[in-house]
Amino acid sequence: QVQLVESGGGLVQPGGSLRLSCVASGSIARIYDMGWYRRAPGKQRDLVALTTSGGSADYADSVKGRFTISRDNAKNTVYLQMDSLKPDDTGVYYCNANIKPYYDYFSREYWGQGTQVTVSS
């Protein structure tokens with residue numbers, strides 16, 4: 001079964017940096033878009049950054065200039081480099097990918113379990 005596993009979260013001071021990783025595994029034929037979402041305390045889950053299979057990227061306005069999304073297609077991995085972190089960046093970060101497995105006719109969205117990021121002084 002296809003799985004997405006995030007790592008790299010933790011506790012960091014304001015202004016600090018973290019690098020999140022998400023690895024897709026399983027019977028994967030093709031991965032299309034990959035992205036990062038977050039759920040802040042008391043809020044809905046919102047898009048943070050998205051990258052297409054061609055390498056283009058899009059970001060939420062709140063993280064532009066501070067976060068960088070990238071991917072390594074050979075490793076089925078997407079990264080989120082987070083710099084100049086703010087307390088408002090606190091939340092659970094979820095990896096998302098549109099994946100076509102070998103055993104399915106169609107692609108669909110898959111989600112990771114989430115990794116906690118806490119920005120606090």
Side-chain angles (χ1 to χ4, degrees):
Q1 187 173 357
V2 172
Q3 293 187 75
L4 301 178
V5 179
E6 304 99 331
S7 62
L11 175 64
V12 65
Q13 300 258 40
S17 297
L18 285 173
R19 185 177 186 244
L20 306 184
S21 299
C22 172
V23 180
S25 63
S27 186
I28 297 171
R30 188 181 297 274
I31 302 178
Y32 299 97
D33 294 354
M34 302 185 81
W36 290 94
Y37 293 71
R38 73 183 173 201
R39 178 177 283 131
K43 298 182 179 180
Q44 67 182 28
R45 183 159 59 184
D46 293 321
L47 176 69
V48 175
L50 180 72
T51 183
T52 69
S53 59
S56 64
D58 196 17
Y59 300 90
D61 288 342
S62 61
V63 307
K64 285 181 179 177
R66 300 188 298 117
F67 290 11
T68 303
I69 189 170
S70 61
R71 65 193 289 169
D72 186 336
N73 291 328
K75 297 181 178 180
N76 291 336
T77 300
V78 63
Y79 306 95
L80 186 67
Q81 178 66 44
M82 304 185 294
D83 299 318
S84 301
L85 282 161
K86 304 174 180 180
D88 285 349
D89 295 320
T90 294
V92 179
Y93 284 69
Y94 297 89
C95 180
N96 171 269
N98 186 271
I99 297 174
K100 166 65 172 68
Y102 283 113
Y103 53 81
D104 280 347
Y105 290 110
F106 306 104
S107 66
R108 73 171 183 88
E109 300 296 313
Y110 291 83
W111 290 91
Q113 310 93 327
T115 184
Q116 176 70 43
V117 172
T118 302
V119 185
S120 177
S121 59

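It should be emphasised that the depicted structure is a prediction, and the values quoted were computed from it without experimental measurement.
- Under a hydrophobic clustering in which Ile, Leu, Val, Met, Phe, Trp and Tyr are joined whenever their side-chain heavy atoms come within less than 4.5 Å, directly or via other members, Trp111 and Val23 fall into different clusters.
- The line from OG of Ser120 to CD of Gln13 is 7.5 Å long, rounded to the nearest 0.5 Å.
- Note: Gln116 CD to Thr90 OG1 = 7.5 Å, rounded to the nearest 0.5 Å.
- Residues passing the side-chain hydrogen bond (donor to acceptor under 3.5 Å, both in side chains) test with Asp58, sequence neighbours excluded: none.
- Minimum interatomic distance between Gly91 and Pro41 (heavy atoms only, all atoms of both residues): CA-CD, 4.5 Å.
- In this structure Gln3 satisfies the side-chain hydrogen bond (donor to acceptor under 3.5 Å, both in side chains) test with no other residue, sequence neighbours excluded.
- The other members of the hydrophobic cluster of Leu85, by chain and number, are Val2, Leu4, Val12, Leu18, Leu20, Ile28, Ile31, Met34, Trp36, Val48, Tyr59, Val63, Phe67, Ile69, Val78, Leu80, Met82, Tyr93, Ile99, Tyr103, Tyr110, Val117, Val119 (side-chain heavy atoms under 4.5 Å, ILVMFWY only).
- The disulfide (SG to SG under 2.5 Å) pairs that include a residue from residues 81-121 are Cys22-Cys95, where partners are two or more places apart or lie in different chains.
- The heavy-atom pair separating Tyr94 from Glu6 by the smallest distance is CA-OE2, 3.4 Å.
- Atom OG of residue Ser25 and atom CG of residue Asn76 lie 8.5 Å apart, to the nearest 0.5 angstrom.
- In this view, Lys64 and Asp61 satisfy the salt bridge (charged side-chain N to carboxylate O under 4.0 Å, His left out) rule, not counting sequence neighbours.
- Judged by distance alone, with hydrogens and angles left aside, the side-chain atoms of Gln1 form no donor-acceptor pair with the main-chain N or O of Gly26 at under 3.5 Å.
- A donor-acceptor pair under 3.5 Å is formed between the side chain of Thr115 and the backbone N or O of Gly9.
- Every side-chain hydrogen bond (donor to acceptor under 3.5 Å, both in side chains) that Thr52 has, sequence neighbours left out, goes to Ser56.
- Nearest heavy-atom pair across Ser17 and Asp83 is OG-OD1, 2.8 Å.
- With sequence neighbours excluded, the residues forming a side-chain hydrogen bond (donor to acceptor under 3.5 Å, both in side chains) with Gln44 are Asp46, listed by chain and number.
- Its side chain within the 4.5 Å cluster rule, Phe106 clusters with Tyr105 among the Ile, Leu, Val, Met, Phe, Trp and Tyr residues.
- For residues 16-40, the pairs satisfying salt bridge (Lys or Arg N to Asp or Glu O under 4.0 Å) are Arg38-Asp89, with sequence neighbours left out.
- Grouped with Tyr32 in a hydrophobic cluster is no other residue, since no side-chain heavy-atom contact under 4.5 Å to another Ile, Leu, Val, Met, Phe, Trp or Tyr is found.
- The hydrophobic cluster containing Tyr79, built from Ile/Leu/Val/Met/Phe/Trp/Tyr side-chain heavy atoms closer than 4.5 Å, comprises no other residue.
- Pairs passing the salt bridge (Lys or Arg N to Asp or Glu O under 4.0 Å) check and including a residue from residues 100-119, sequence neighbours excluded, do not occur.
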